[in-house]
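The next block holds one structure in the form of C-alpha cells; read it before the comments.
Note that the structure is predicted; figures quoted are calculated from it, not measured.
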Amino acid sequence: MAGSSGGHHSSGGPKKARIEIIPLIDVIFFLLATFVLFTLSLNAIQSVPVDLPKATPSAPPDPDDESVVLQVTDGGSAYWNKELIGFNEIAPRLSEYKNNHANARVLITGDDKAKYGSAVKALDEVRKAGITQVSIETTFRPSGR
C-alpha cells in the first residue's frame, strides 16, 4: 500500500521517517505571535501607585559658606577654589583650612581629562587632614571652574 505507515516500499526496504518543517514553522510563528500580543497587553494592566519624593528648590547659596572646591586635573595639578596649585600644596592647605574652620567641608571634583587615581589621592589627603565632611562631584567641570 502506498499510504500505509508501517509497510515496505515496493523495493522492499523500510520507509524512512520524515520531519515536516512547514508545520513546525507554523507552530513557532503562532507561539511568537501569542507571546508578542501577551506582552503588549501587559501595558494595559494597572500598576501600584507610588508616591515619589519631590525635590524642593534649593535655597540660594549661603554667602558665609566657606567650603572648598578641590578640582584635580590630569597634569598633576589641582585647583583650590579656582586657584591653580601644585598637587604637593594640597596637604598643607587642607591642614591650614581644617585648623581655621570648625565646620570644614571639601568638594572633590575633576576636569574632563582627570584620572581616577588623582581624585583618590586628593580624597586620601582630605582624610589625612581629618576633614570628615567630603563630597565627590560625579560630573566633570572644565579646568579651573
_With side-chain contact (heavy atoms from CB on, under 4.5 Å) as the criterion, how do Tyr79 and Thr73 come out once you've worked through the C-alpha distance, each side chain's angles and the decisive distance to 0.1 Å?_
CA-CA 8 Å; Tyr79 287 90; Thr73 64; 3.6 Å; yes
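Remark: side-chain polar atoms of Glu96 are not paired, donor with acceptor, to backbone N or O of Arg93 under 3.5 angstrom. Formation of a donor-acceptor pair under 3.5 Å by the Thr34 side chain with backbone atoms of Phe30 is found in this model.
For Lys128, the salt bridge (Lys or Arg N to Asp or Glu O under 4.0 Å) test picks out Glu125, with sequence neighbours left out. Partners of Asp51 under the side-chain contact (heavy atoms from CB on, under 4.5 Å) rule, at least two apart in sequence or in another chain, do not exist in this structure.
In this structure the side chain of Leu84 reaches within 4.5 angstrom of the side chain of Ser77, judged on heavy atoms.
Closest non-hydrogen pair, Ala129 versus Ser95, comes out as CB-N, 4.3 Å. Nearest heavy-atom pair across Asp74 and Lys113 is CB-O, 2.9 Å.
Other cluster members for Val68: Leu70, Val72, Trp80, Ile85, Phe87, Ile90, Leu94, Tyr97, Val106, Ile108, Leu123, Val126, Ile131, Val134, Ile136, joined by side-chain heavy-atom distances under 4.5 Å among Ile, Leu, Val, Met, Phe, Trp and Tyr.
Counting only N and O atoms by type, the side chains of Gln133 and Asn103 include a donor and acceptor under 3.5 Å apart.
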